[in-house]
Colleague: 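Take this structure first; my questions come after.
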Amino acid sequence: MPRLTLIVPAYNVQGYIGECLDSVLQQDFTDFEIIGVDDCSPDGSGAILDTYAERDARVRVLHLTENVGLGHARNAGMDEAAGDYLLFLDSDDTLAPGSLAAIAARLDATDDPDVLVFDYTRTYWDGRLLRNKRADLLDESGPAVFALADRPQLLDLLQIVWNKAYRRAFVTEHGFRFPPGYYEDAPWTFSSLISAETIAVLDRSCVLYRQRREGGNILRTVSRKHFDVFDQYDRVFAYLDARPELASWRPALFGKMTDHFLTVLEKPGRLPKNARAEFFHRAAKDYRSRLPEDFRRPPGGKGYKYALLGLGSYPALVGVTRVNNVRNLAKLGGRAGVGRAKRAALGMFYKSQLRMPLDDKLAVFSAYWGRGYSCNPAAIEAELGRLAPDMRRVWAVRSEHRDRVPKGVEAVVVGSRAYWSVMARAKYLTNNVNFGDTVIKRDGQIHLQTHHGTPLKTMGLDQAQYPASTSMDMEKLLRRCDRWDYSLSANRFSTTVWERVYPCRYTSLETGYPRNDVLLNATAADVSRARSELGLADGSTAFLYAPTHREYEKSFAPRLDLPRLAEELGPDVTLLVRGHYFYKPTGRLADLQASGRIIDVSAHGNVEQLYLAADALITDYSSAMFDYANLDRPVVIYADDWDTYRAVRGTYFDLMAEPPGPVATSQAQLASVLGSREWRSEESAGLRRAFRERFCDFDDGRAAERVVRRVFLGEETMLPFVPLDERTPAPSPAEALEQSARS
């Protein structure tokens, strides 16, 4: 029997649940169990829970067959709990290091109270930490154990369940259960505190309470569901009515009820405007029916609001609220002024276009900050032309890259009148990076963010932890991301990262990367053509070397002696180098290029064709490894500066421990791997197999079609995925040559 049971319900939290579980499993106190409750989550939360359960016996998972809501999910977890104490942890929050040891020690020191109350800290996306404003209520001076009557001010703490540990026998004895609906913590919290014979406090911040910038919080959701608060207080007072011995708590709980009603009514972003008066009159009815005879209204403005509630005077309360909100309204007006100034700066032409109707048959595409026709947007644009040929498709490029757009593809130059016209009027805007800050998201426009790689290195908000790697303004970044309607994902791993580091209101589309479709659909003839266009001889071996960028290097410095490597590998090997190595080739390097032993493919417009042509990929930390793995061809990692890269940029997993193939940390090692059969050995294939299972979830050759049907054609049902072991990647160069010989 464990000392502690932590119950963690999960619903649409795949971007956070891993961090939550890690914060528990990495505690120095180990006598606990975790019961993860998959509340029929439509995302990957349940699968993530299962992964943790496979790795650690302390984790058990319940998969509910229907979505029952947070309260009933907690109940399901309680039914399976075995610990002496119950703790509830929301799946987007985390435990501070050392918290469980501190909780367990305090429980021992206070002789197992019914309830232990501890503190929490709000954590914000920009790194700010704000401890609970009423932390003073958790002062440990005075008696270590007490009844609520001795410290009734504990009722002033936020009405939450997850800042307490509850003795399981106490919960069972009183039959405490969570009700359905919003504000489900109120009946549980009040009932348990007033019923507890022994309470203790721990003056330590144990829970890091994540303040999501967007979504995941009912307090920032406009809905009639906020009317659930009435049902919750019906339950609170029904509990009191059934227990006359607790009647002395009626005035205090009446005050808490009234404060809660006023908070829901007055806070912006909760009730629909047309429901506020209805809510007020329901609150007034409950106020009058439950008003204790000896109740004294609080002094000042709060007491005046109580009186207005008792009188049922909604217009008067609205007037008071307006006066109290003058400062907030001024702030809102200031932000609107900034927005108006920004729109005015876009120019009269753009403003005039913004007033024009949207064109439902117009779609704009761009990639890599307007640098050409490529990546996921290009694959989607081509598929849109196939499935919806009546759609006008326009490509936005910078003037210096205009020649990179294929003939027959309509293009506009970024910043031109034509550009601002299509940006203002297009129904669909697709990019693999963010559009510029001056682009305004119109009502009815659909922004599709495709991304351009699987993240090994930290991205978005996580980059703030590595200031040497970026000078990005995170607030501006998130304002750009606010425009997204859809975020594309190549694998479930990416989805969990994107949703956490870009916390905005978009829908994740787990479709696979459209740019990788060709890697599954290309034929032997396509592979042979790709090699022929590069001048690769039949039967020769081509290694594609594609290193990534390093923010900590001010200028490019080659990490390999390429002429020497080419000579060591021999005349039957060609190095395809995609980077910035050969601006001024001289001497022996120029000779090797002339002989075809090294080919600079840095300016090649279609990296997928390079993948098809190569027998193997050599890379360091580039996302190319995730794409190339779809071909099920060898990948070799050359990582001579892994420790530096990881420390400066940060990474999401240890590539040295989970590589897609052999790892070399020096040129001598690399030459040895490539000069032998190690790069294509069975061991190499085993590493690649595990890597593909983790990162090639969705790339089955139909990603572009999924995106077009879902986003542009409005089809809700996604095409099913071909299982990984049933996919047939494009043939390798050797297989293509063999098929050509047979034909």
Side-chain angles (χ1 to χ4, degrees), residues 1-27 29-101 103-104 116 118 120-121 123 160-166 168 171 176-178 180 184-185 188-189 205-212 215-218 492 496 499-500:
M1 180 180 295
R3 182 63 165 154
L4 308 174
T5 294
L6 290 96
I7 296 171
V8 184
Y11 183 81
N12 272 350
V13 287
Q14 61 185 8
Y16 303 97
I17 184 67
E19 186 179 358
C20 172
L21 296 176
D22 287 340
S23 76
V24 181
L25 295 173
Q26 293 169 6
Q27 295 278 317
F29 179 85
T30 60
D31 188 13
F32 65 82
E33 65 174 354
I34 298 174
I35 299 179
V37 184
D38 171 19
D39 190 16
C40 202
S41 184
D43 68 352
S45 298
I48 294 171
L49 285 171
D50 288 338
T51 299
Y52 275 84
E54 292 171 1
R55 296 201 304 244
D56 197 311
R58 294 173 295 178
V59 181
R60 288 189 286 148
V61 183
L62 301 179
H63 292 284
L64 304 186
T65 57
E66 61 179 340
N67 176 242
V68 297
L70 178 60
H72 284 176
R74 287 171 174 166
N75 293 338
M78 280 197 296
D79 292 341
E80 299 295 323
D84 296 332
Y85 277 83
L86 301 174
L87 285 83
F88 300 92
L89 184 62
D90 287 353
S91 46
D92 54 354
D93 296 336
T94 57
L95 288 183
S99 295
L100 293 187
I103 289 170
L116 173 69
F118 43 85
Y120 62 91
T121 294
T123 66
I160 48 177
V161 65
W162 42 256
N163 68 334
K164 304 172 185 71
Y166 305 87
R168 185 163 62 90
V171 171
F176 295 134
R177 305 289 284 181
F178 288 95
E184 72 288 333
D185 282 8
W188 174 287
T189 300
S205 186
C206 296
V207 176
L208 302 178
Y209 176 27
R210 187 188 301 272
Q211 304 299 291
R212 289 211 218 172
N217 190 335
I218 67 168
R492 188 150 287 155
T496 62
E499 291 185 356
R500 183 171 51 79

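If you're wondering where the values come from, they're calculated on a predicted model, not measured in any experiment.
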Colleague: I need the N163 CG to D185 CG distance, nearest 0.5 Å.
Modeller: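 N163 atom CG to D185 atom CG measures 9.0 Å (nearest 0.5 Å).
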Colleague: If I compare all heavy atoms of Q14 with all of G44, which pair ends up nearest, and what's the gap?
Modeller: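 In terms of heavy atoms, the two residues are closest at OE1-N, 2.6 Å.
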Colleague: Between Q27 and S23 (side chain of the first, backbone of the second, donor and acceptor by atom type, cut-off under 3.5 Å), is there such a pair?
Modeller: yes
Colleague: What pair of heavy atoms forms the shortest contact from A82 to T5, and how long is it?
Modeller: N-OG1, 3.6 Å
Colleague: Are any of the side-chain heavy atoms of I35 and L6 separated by less than 4.5 Å?
Modeller: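 They are not in contact (no side-chain heavy atoms under 4.5 Å apart), so the answer is no.
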Colleague: Are any side-chain N or O atoms of D38 and backbone N or O atoms of L62, one a donor and one an acceptor, separated by less than 3.5 Å?
Modeller: no
Colleague: How long is the straight-line distance from OG1 of T123 back to CZ of R212, given to the nearest 0.5 Å?
Modeller: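 Atom-to-atom, R212:CZ and T123:OG1 are 11.5 Å apart.
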Colleague: Mind checking the CG-OG1 spacing from L21 to T94? Nearest 0.5 Å is all I need.
Modeller: 11.0 Å
Colleague: Ignoring hydrogens and geometry, is there a side-chain-to-backbone donor-acceptor pair from Q211 to Y209 under 3.5 Å?
Modeller: yes
Colleague: Calculate, to the nearest 0.5 Å, the distance between atoms CE and CZ belonging to M78 and F176 respectively.
Modeller: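 One gets 10.5 Å once the value is rounded to the nearest 0.5 Å.
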Colleague: With distance as the sole test, does D56 use its side chain to make a donor-acceptor pair with the main-chain N or O of R58 at under 3.5 Å?
Modeller: yes
Colleague: On a heavy-atom basis, which atom in A73 and which in V68 lie closest, and how many Å separate them?
Modeller: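 Closest pair (atom of A73, atom of V68, distance): N-CG2, 3.6 Å.
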Colleague: Would you say D39 and S41 are linked by a side-chain donor-acceptor pair, where the criterion is simply a distance under 3.5 Å?
Modeller: no
Colleague: Quick one: are D50 and H63 in side-chain contact, heavy atoms under 4.5 Å?
Modeller: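 With C-beta onward as the side chain, the pair touches.
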Colleague: Where the side chain of R168 meets the backbone of Y85, is there a donor-acceptor pair that is under 3.5 Å apart?
Modeller: no
Colleague: Is there a donor-acceptor contact under 3.5 Å linking the side chains of S205 and T121?
Modeller: yes
Colleague: Looking at D90 and R74, is any side-chain nitrogen of the basic one under 4.0 Å from a carboxylate oxygen of the acidic one?
Modeller: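 Salt bridge present between R74 and D90.
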Colleague: To the closest 0.5 Å, what do you measure between OG (S45) and OH (Y11)?
Modeller: 9.5 Å
Colleague: Where is the tightest heavy-atom contact between F88 and W162, given as atom of each residue plus distance?
Modeller: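 Taking F88 first and W162 second, the nearest heavy atoms are O-CB, 2.8 Å.
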Colleague: Quickly, which of T30, D31, D84 forms a side chain to side chain donor-acceptor pair (under 3.5 Å) with R3? Name it, please.
Modeller: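 Checked T30, D31, D84 against R3; only one passes side chain to side chain donor-acceptor pair (under 3.5 Å): D84.
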Colleague: Pair S99, V207 - check side chain to side chain contact (heavy atoms under 4.5 Å, CB included), show working.
Modeller: CA-CA 8 Å; S99 295; V207 176; over 6 Å; no
Colleague: Does some side-chain heavy atom of L208 sit less than 4.5 Å from a side-chain heavy atom of L95?
Modeller: no
Colleague: Between L25 and V59, is there a side-chain heavy-atom distance shorter than 4.5 Å?
Modeller: yes
Colleague: How long is the span from the CD1 atom in I7 to the CG atom in L87, to the nearest 0.5 Å?
Modeller: 9.0 Å
Colleague: Could you check whether any side-chain N or O of R210 sits under 3.5 Å from a backbone N or O of D92, counting only pairs where one atom can act as donor and the other as acceptor?
Modeller: yes
Colleague: Should C206 and I103 count as side-chain neighbours, where that means a heavy-atom distance under 4.5 Å?
Modeller: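 Contact flag for C206/I103 side chains = yes.
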Colleague: Hey, is the main chain of E80 close enough, under 3.5 Å, to the side chain of R60 for a donor-acceptor pair?
Modeller: yes
Colleague: For a quick test of reading the model, state the closest non-hydrogen atom pair linking F29 to F32 and the distance between them.
Modeller: O-CE2, 3.2 Å
Colleague: With no hydrogens and no angle check, do the side chains of D22 and Y52 hold a donor and an acceptor under 3.5 Å apart?
Modeller: yes
Colleague: Is any side-chain heavy atom of L4 closer than 4.5 Å to a side-chain heavy atom of L86?
Modeller: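 They are not in side-chain contact.
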Colleague: Whether the side chain of T496 engages the backbone of G15 through a donor-acceptor N/O pair (distance < 3.5 Å, no angle test) should be reported.
Modeller: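 Flag not set: sc T496 to bb G15 has no pair under 3.5 Å.
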Colleague: If you measure from the Lys or Arg side-chain nitrogens to the Asp or Glu carboxylate oxygens, is any gap between R177 and D79 under 4.0 Å?
Modeller: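 Looking at D79 together with R177, the answer is yes, because their closest N to O distance falls below 4.0 Å.
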Colleague: Indicate the atoms forming the closest heavy-atom contact of L49 with V61, along with that distance.
Modeller: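 Minimum heavy-atom contact is O-CG2, 3.5 Å.
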